[in-house]
Structures are given as structure tokens and as C-alpha cells.
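Starting from 1, each residue takes its place in the sequence as its number.
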Amino acid sequence: MTAPDQNRPTTLSDGVVDWLTNGTSGERFVDNIFAEMCIRLQQAGIPLKRSTMHVRIQHPQWLGAAFMWLDGMREAKISRVDFDVLERSEFIGSPVSEMLDGASELRENLEGDPSLGRRHAVYDEMRAKGLTDYVAWPLHHTLGKRHLVTFATDRPGGFDDAHLVALKNVLPVLALVSEIRVKNRLARTLLETYVGSHAGELILAGATRRGTGTTVRAAIMICDLRDFTKISDNWPRDDVIDLLNDYFDAMSEPIARHGGEILKFIGDGLLAIFPLSGPGACANLLRAVTEARQAMAALNERNNGTGRAPLNYGIGVHVGDVMYGNIGSSSRLDFTVIGPAVNMASRLEALTKQLGRPVLLSRAFAELVEREFELEHVGKYEVRGFSDPIELFAFHG
């Protein structure tokens, strides 16, 4: 291991570097570290008035995130960046654009004649706020991933050489510290995206051993799209993918909004639970169903304008105890729910087509919501896999 260079000249930011290295292990969020770093740079004598950090992330909805700190702020402002930003004027010709294209440093004298400098709205905004100097550098993460950090001042004459050396001194450690937090957030985001927020938290907390789990009492909802095989056989592939995404948006967003958790998508179906530990879980499930049906009606109306046939679906709902945990092979696990209650919800969904009711509820579930919602008593029916007929109710939302 190479010994530290004892002859390295000291800089204004040495204390900040030491803090980044040794004092941030207990801080989970990179935006808090970034804001505290900026404050400490000020305290070290660097005339910092504005700083930003831009990172690209792997997320189904966002291309990246930007953190902005301004003089006097205790916390950084976080902005999410849409995928289509690459085609917008706020990005084209911006410092972020130049940096991602390979620039190793950007320096802009904001006191000089604007017509002689770079042309972009962000420079005009900084001039209007009295800033005099701006510098941006890449923030290098592993495997060639390239992000960006910027600093600006209102000091007459801008940053001097000692300020710039001190700011550059923090970059390597900031890169390491930020990469750890960004990857932690990435792991959390991917788990939330693929297994759901609650299951993701459990997995991050260490619930990764096969066969481990817990018993949860929950309302279970299973939804399935009708005639999907015919659609997938006759429609172009990209149209089928668009259709499924629109359908899942219509169904999923109300579920998340009302406290449910989607555990998995199964082809053209989904499985969601509303744990009864949450207040009003069963009522919230029906509120989600109501909004989902309204969203599906709106989707069908839009599709009708393009000549597409309406989409039909079935929803089965039951309540009971489920085993919630890790199931699978030694090398590939699924965090899901199993048990007779899940089987019952699946059987009810299958009966929706036979009985001509899009939403069927079991008696056990209906008893928990019948005072709040109008239900139609359908009768008792044999359900495959269960010995006794099951009393069913329809919900029309």
C-alpha cells in the first residue's frame, strides 16, 4: 500500500476531505452529505454561493437527479430529470451536456461580456443573480460512469487559484462517497421496482434466506386481462407491449395510491395485497378497484378512437392469512405470498368470466366492507379446490 504523500501541499478543503472520508459513514442520503459539504467549504474560506451535482440513475421513470445547494440552505433541493430532457433546450448546450460529451473542465467568467462567453440560459440566470464565476468538473464513478459537480461564486474576480485547487481536492472523495449512496439508492429502487417497496425493505434488511417468511393477514386481489392470447397472436409486438403497459398503469397506480402492494405481474395478470395491519385496508382495496375501473374505462375510450377493441378483465378478491417470504430454488428466489387465501382469490378471478361480473368478492371479504359499499349478492358457487360452495358478491364500483 502506498504511504500518504507527506509533502502534498495543504489546501483550504483538507478538513472537508477528512470529514468526507471519516465523518459521513452514518449518513444514508447523498443530498444531505452534499449540502453539508458545501457549508463546510464555505466555513473553510471558499466563497461558495451555488453548487450542483448531477447524477444519472437507473430508474424506470427518471434519467437522473440533480441536487442544488444555494448560500444559506441547510438542505439541498432535489430535482428528478425526465428521460426526454436530452431533447429539451434546458439540456442542449448546457454544462451537463458538455460534460457528458467528454469535457474535462468548464470555466465561465460571468463578469465578462455575455456575448463572448458560452450561450445558455443557465449562465444568464447565474449572471442575473450576481454570480461572477462558474466551474464544473466531471465526477467519475467506477466502470466509466460520468457525472457532474459545479461550483459558483459572487466574489469579485471569481475564484482564485487557491479556491480552485481546494475545490478540485474534494472531487475524488466526493466521487467515492456519492457512488456508494447512489448505488445504495439504486439497489433500493430496483428492489422497489421489481418486488415492491415492502418486500424490498425486508430484503435489504436481510430477509434473503430461502424458506424464511412470516404470516400476514391481508386482503388479496388478483386481476387478469381477458382474451390476451388472442390479442398477442394478432397484434404487432410493440402494440401488445404498449397495451400491457397502459393496462397495468390503469390497474397499478390506484393500488399504490391506496396503500396496496403489487407483488408480481404474471403475464397479463397481477397479484396485490393490502395488509390488514394498515387502517381500512379492505375499504382501500375497493377504492383502488373503483379508480382502476374508471381508468380502464378511460383507456378503452381512447383505444376506441384508434380502432382497438375494448379491454376486458376480471378481478378476484379474498381476505385471509398468507405466507409472505422467500420461495424458489437455491439460486433463484421469489419474494411472494402463498396459501389457500391466494388460491381462493385466483379462483374467484376465474369465475368472473363465467358469472359475467368483472369483480367478485368472497363472503369473508364482503363482511368487512358491506357497511361502506354497495355489493350485489351473487349466490353460492362451487370453487375448484375447495370442498364447500363459496358465497360470492359482486362489486360494481
Side-chain angles (χ1 to χ4, degrees), residues 218-232 235 240 243-274 281-304 308-320 341-370 372-386 389-397:
I220 305 112
M221 169 183 169
I222 292 181
C223 178
D224 195 57
L225 190 63
R226 295 283 174 253
D227 300 320
F228 180 67
T229 301
K230 179 180 178 182
I231 292 171
S232 60
W235 287 24
V240 172
L243 176 147
L244 280 177
N245 287 337
D246 289 343
Y247 154 66
F248 283 133
D249 277 344
M251 288 291 173
S252 303
E253 291 174 7
I255 292 172
R257 193 158 47 243
H258 288 284
E261 180 167 4
I262 297 173
L263 297 180
K264 62 175 57 185
F265 296 104
I266 314 163
D268 59 330
L270 65 83
L271 165 63
I273 62 169
F274 288 71
C282 293
N284 283 336
L285 185 152
L286 288 191
R287 294 186 185 103
V289 168
T290 298
E291 292 181 15
R293 298 195 66 190
Q294 292 168 351
M296 284 298 295
L299 174 60
N300 280 332
E301 187 172 343
R302 291 197 303 273
N303 284 344
N304 184 55
R308 292 179 175 176
L311 301 176
N312 298 307
Y313 55 89
I315 298 173
V317 179
H318 186 48
V319 65
V342 180
N343 298 338
M344 173 63 75
S346 178
R347 301 295 186 264
L348 298 189
E349 182 280 316
L351 278 171
T352 59
K353 186 174 183 180
Q354 175 185 329
L355 300 180
R357 308 294 201 285
V359 183
L360 285 178
L361 320 174
S362 67
R363 158 60 78 180
F365 180 90
E367 287 176 347
L368 300 175
V369 295
E370 58 189 355
E372 294 185 62
F373 297 88
E374 184 176 343
L375 307 177
E376 175 197 355
H377 182 253
V378 178
K380 289 187 176 182
Y381 288 85
E382 297 285 343
V383 176
R384 183 167 58 87
F386 294 85
I390 304 300
E391 195 167 1
L392 302 180
F393 293 78
F395 176 63
H396 300 286

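A donor-acceptor contact shorter than 3.5 Å links the side chain of R293 to the backbone of H396. With D268 contributing its side chain and D224 its backbone, the two residues share no donor-acceptor pair below 3.5 Å.
In this structure, F373 and R287 have side chains that are in contact, with non-hydrogen atoms separated by less than 4.5 Å. In this structure, the side chains of T352 and Y313 stay at 4.5 Å or more apart for every pair of heavy atoms. Taking the side chain as every heavy atom from C-beta outward, F274 and C282 never approach each other to under 4.5 Å. Counting only heavy atoms from C-beta outward, the side chains of L299 and R302 approach each other to under 4.5 Å. Side-chain contact between I315 and F395 is absent, with no heavy-atom pair separated by less than 4.5 Å. The shortest distance between side-chain heavy atoms of V369 and L285 does not fall below 4.5 Å.
Across every non-hydrogen atom of D227 and K353, the tightest pair is OD1-NZ, 4.2 Å. The two residues V317 and L348 have their closest heavy-atom pair at O-CD1, 3.3 Å. Contact record, G320 with I220: N-CD1, 4.1 Å, taken as the closest heavy-atom pair. Across all their heavy atoms, M251 and P254 have their closest contact at O-CD, 3.5 Å. The shortest non-hydrogen separation linking W235 to V240 is CB-CG2, 3.6 Å. The minimum heavy-atom distance linking A250 with M296 is given by the pair CB-SD, 3.7 Å.
Classification of R363 and E370 as a salt-bridged pair holds, one side-chain N sitting under 4.0 Å from a carboxylate O.
The closest side-chain donor-acceptor pair between H377 and E391 falls under 3.5 angstrom.
One distance of note links CG of N300 with CG of D246; it measures 10.5 Å at 0.5 Å rounding. Put simply, CZ on F386 and CE on M344 are 4.0 Å apart, with the number rounded to the nearest 0.5 Å. In this structure, the separation between CD1 on I262 and NZ on K264 is 13.0 Å, given to the nearest 0.5 Å. Atom CD1 of I390 sits about 9.0 Å away from atom NZ of K380, to the nearest 0.5 Å. To the nearest 0.5 angstrom, E376 atom CD is 10.5 Å from L392 atom CG. Going from atom NE2 of H318 over to atom CG of N343 covers 9.5 Å, rounded to the nearest 0.5 Å.
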**Item:** Pair Q354-L360, side-chain contact (heavy atoms from CB on, under 4.5 Å): steps then yes or no
**Value:** CA-CA 11 Å; Q354 175 185 329; L360 285 178; over 6 Å; no
